[in-house]
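Please read the structure below before turning to the comments.
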Amino acid sequence: MKLIENKNILLGVCGGIAAYKSVELLRLLKRHGANVKVFMTENSEAFVGRLTFEALSGQPVCSSLFEKVGSRSEHIGHIDWAEKADALVIAPATANIIGKIANGIADDALSTLVLAVTSPVIICPSMNTNMYRNRALQRNLDRLRQDGLFVIEPESGELACGTSGPGRLPEPEYILDRLLFRLSPKDLKDKNILVTAGPTQEYIDPVRFLSNPSSGKMGYSIARAAEKRGGRVVLVTGPTSLSDPLNATVIRVGSAEDMAIAVFEHMEHADIIIKAAAVSDYRPVDPCQQKIKKEKDEIVLSLQKNQDILEELGRRKENRLLVGFAAETENLEKNSVDKLVRKNLDIIVGNLVGRPSSGFGSDSNKVTFFYKDGTTESFPEMGKDEVADILLDRIVTMVRYRLSDN
Ligand code: CTP
């Protein structure tokens, strides 16, 4: 994840049961290439030992106002790190630290750090439900939001103290996701983005269908990346096992015909349409109403062509930006460019499918972008999240270019 790779992320840990989740958050941040420095409050050391954080971050933990950096006695630890920080995440954030931050109190290393940082600050409250609902606490959280800090709402559920309700620290993956949201440029703000993903299923009888191995990962990566960049996302998806992207309108469909209906219904408001779905080209002419019995040694399936949704979008395109995908097993360039022209696209993302490290089902992809002006861009194998971000970079550039052209 380029956004936090080699970036200085400060992780503040307060005294709460959820402090054990900070360990996992630290590991996630490290796995994505961040340099992490942990700041612990005195109370947090009752929950997790500093050695754990030191071993996983590879840095001494800062918990004292008077910690010096190495042998340079002129540098005070929290100030030095505050200047270098790209983001500060406090997880879990107790009522105590929230109250201190809201009122500008700086009486330990973490609260002093908060006053000194100029980077984005992300607060993850976690506490007993009644404490969370307390008016003073809510007033303090409002103050934090007004001051420009980013508050991640706690989850509802059973809490360690035996009560049930809001107050639980969200899972580390969610906190990381919202950190990336906070750090992402909002270059798709106010844009409506329609994305399709996954396979379609064409039923032969009530228990069997024709489909393909698309996992939906590419389209979901695009939907998640577009949301982080401020876009309003509608995701039309065939059957997948993936969880819904945050803050997107998700429409689940089965067949190519269902997908076409959903896409045409939502295309009106779309500024950008990205069709990553692997749509079945054919459907059975006459699906059986009952399960087909294996009486004959050989049966013949009669298929008819599905509508090409993207080609129809190309006809109705007007000033929308239209992006397609080409799944090929050979002649990548020729086949992709043919589709780019035939479907009236701005970009087609060509990828070779049918190999383990690229295309269907895989977490990575090796793609070439073909643009309508005849230029191309080839990329090495990379994660689908990264492909999604680069594709959106190019789309943003095209949208800007068009605006400056008009
Ligand atoms: N597509 C579509 N509707 C279809 C078939 C494809 O919208 N009925 C879209 C896909 O979502 C993709 C692009 O068209 O963005 C290319 O899909 P692909 O399967 O690679 O190519 P096809 O056009 O189906 O051509 P062929 O199967 O002959 O390669």
Side-chain angles (χ1 to χ4, degrees), residues 193-203 209-223 226 233-240 242 251-267 270 272-285 303-317 320-355 358-362 365-372 376 384 387-388 391-392 394-395:
I193 300 148
L194 175 59
V195 182
T196 71
T200 64
Q201 294 176 343
E202 313 298 325
Y203 273 83
F209 54 77
L210 296 173
S211 191
N212 59 66
S214 167
S215 62
K217 285 177 187 167
M218 191 63 247
Y220 279 61
S221 288
I222 294 168
V233 178
V234 175
L235 174 67
V236 177
T237 173
T240 72
L242 305 173
I251 301 157
R252 292 194 173 267
V253 297
S255 66
E257 282 180 304
D258 294 344
M259 183 169 279
I261 291 168
V263 166
F264 295 133
E265 198 179 308
H266 287 87
M267 74 166 290
I272 298 160
I273 304 178
I274 306 171
K275 279 219 83 245
V279 186
S280 302
D281 289 331
Y282 293 91
R283 67 178 181 278
V285 174
L303 304 175
Q304 64 183 331
K305 216 178 197 171
N306 277 324
Q307 178 184 25
D308 191 313
I309 306 168
L310 189 53
E311 202 169 318
E312 181 57 27
L313 288 172
R315 273 192 282 272
R316 304 193 205 168
K317 181 176 173 186
R320 295 178 185 87
L321 205 135
L322 202 52
V323 180
F325 275 71
E328 307 297 341
T329 54
E330 57 177 354
N331 301 329
L332 182 69
E333 176 159 5
K334 184 188 173 305
N335 290 335
S336 302
V337 172
D338 280 355
K339 287 174 194 174
L340 176 85
V341 174
R342 178 158 45 90
K343 305 192 188 199
N344 192 19
L345 309 178
D346 296 281
I347 309 175
I348 193 156
V349 180
N351 65 329
L352 288 168
V353 290
R355 37 189 84 190
S358 182
F360 289 153
S362 155
N365 218 348
K366 186 171 172 358
V367 297
T368 302
F369 294 175
F370 300 90
Y371 299 95
K372 71 169 176 197
T376 65
K384 287 183 174 172
V387 173
L391 179 61
L392 292 179
R394 302 302 182 266
I395 289 172

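Order of listing sets the numbers, starting from 1, for every ligand and every atom in it.
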**Distance in Å, Arg283 CZ paired with Gln201 CD, rounded so as to fall on 0.5 Å steps** =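 With rounding to 0.5 Å, CZ (Arg283) is 15.5 Å from CD (Gln201).
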
**Non-hydrogen protein atom less than 4.0 angstrom from atom 3 (N) of ligand 1** = yes

**Prompt:** With a 4.0 Å cut-off, strictly under, does atom 21 (O) of ligand 1 pick up any protein heavy atom?
**Reply:** yes

Protein residue, atom and distance nearest to [atom], heavy-atom basis:
| atom | result |
| --- | --- |
| atom 26 (P) of ligand 1 | Lys339 NZ, 3.9 Å |
| atom 11 (O) of ligand 1 | Ala277 O, 2.7 Å |
| atom 8 (N) of ligand 1 | Gln307 O, 3.0 Å |
| atom 15 (O) of ligand 1 | Lys275 O, 2.7 Å |
| atom 16 (C) of ligand 1 | Phe325 O, 2.8 Å |
| atom 24 (O) of ligand 1 | Asp281 OD1, 2.9 Å |

Short N/O distance, under 3.5 Å, between [X] and ligand 1?
| X | result |
| --- | --- |
| Ala278 | no |
| Leu310 | yes |
| Ser280 | no |

Please examine the side chains of [Y] and [X], heavy atoms only from C-beta on, and report whether any two atoms are closer than 4.5 Å.
| X | Y | value |
| --- | --- | --- |
| Asn306 | Ser280 | yes |
| Leu322 | Asn344 | no |
| Ile274 | Ile395 | yes |

**Message:** Does Phe209 form a side-chain contact (heavy atoms from CB on, under 4.5 Å) with Glu202? I'd like the steps, not just the answer.
**Reply:** CA-CA 5 Å; Phe209 54 77; Glu202 313 298 325; 5.6 Å; no

**Item:** Proximity flag Glu312 to ligand 1, non-hydrogen atoms under 4.0 Å
**Value:** no

**Message:** Contact between ligand 1 and Lys343 is defined here as a heavy atom of the residue under 4.0 Å from a ligand atom; is it met?
**Reply:**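 Under 4.0 Å: yes for Lys343.
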
**Request:** Would you indicate whether Glu311, at its atom CD, is surrounded by more than 12 heavy atoms from other residues, nucleotides or ligands within a distance under 6.0 Å?
**Result:** yes

**Message:** Is it true that Tyr220 and Ser215 share a donor-acceptor pair across their side chains at a distance under 3.5 Å?
**Reply:**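 Judged by distance alone, the side chains do not pair up.
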
**Complete:** Checking Ile222, Thr240, Leu242 against Lys217 for side chain to side chain contact (heavy atoms under 4.5 Å, CB included), the one that qualifies is Leu242

**Asked** Going by the order shown, which atoms of ligand 1 are within less than 4.0 Å of some heavy atom of Gly324?
**Response**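 So the answer, numbered in order with elements, is 15 (O).
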
**Message:** Can you name the atoms of ligand 1, numbered from 1 with element, that are less than 4.0 Å from a heavy atom of Ala326?
**Reply:** 20 (O)

**Request:** Using a 4.0 Å heavy-atom threshold (strictly under), name the region of Ile309 that reaches ligand 1: side chain, backbone, both or neither.
**Result:**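 Ile309 to ligand 1: contacts from backbone and side chain alike.
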
**Item:** Cation-pi geometry met for Arg316 and Phe264 (6.0 Å, 45°)
**Value:**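 Pair Arg316/Phe264 counts as cation-pi.
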
**Request:** Under the side-chain contact (heavy atoms from CB on, under 4.5 Å) rule, what do Val349 and Met218 come out as? Steps first, then yes or no, please.
**Result:** CA-CA 11 Å; Val349 180; Met218 191 63 247; over 6 Å; no

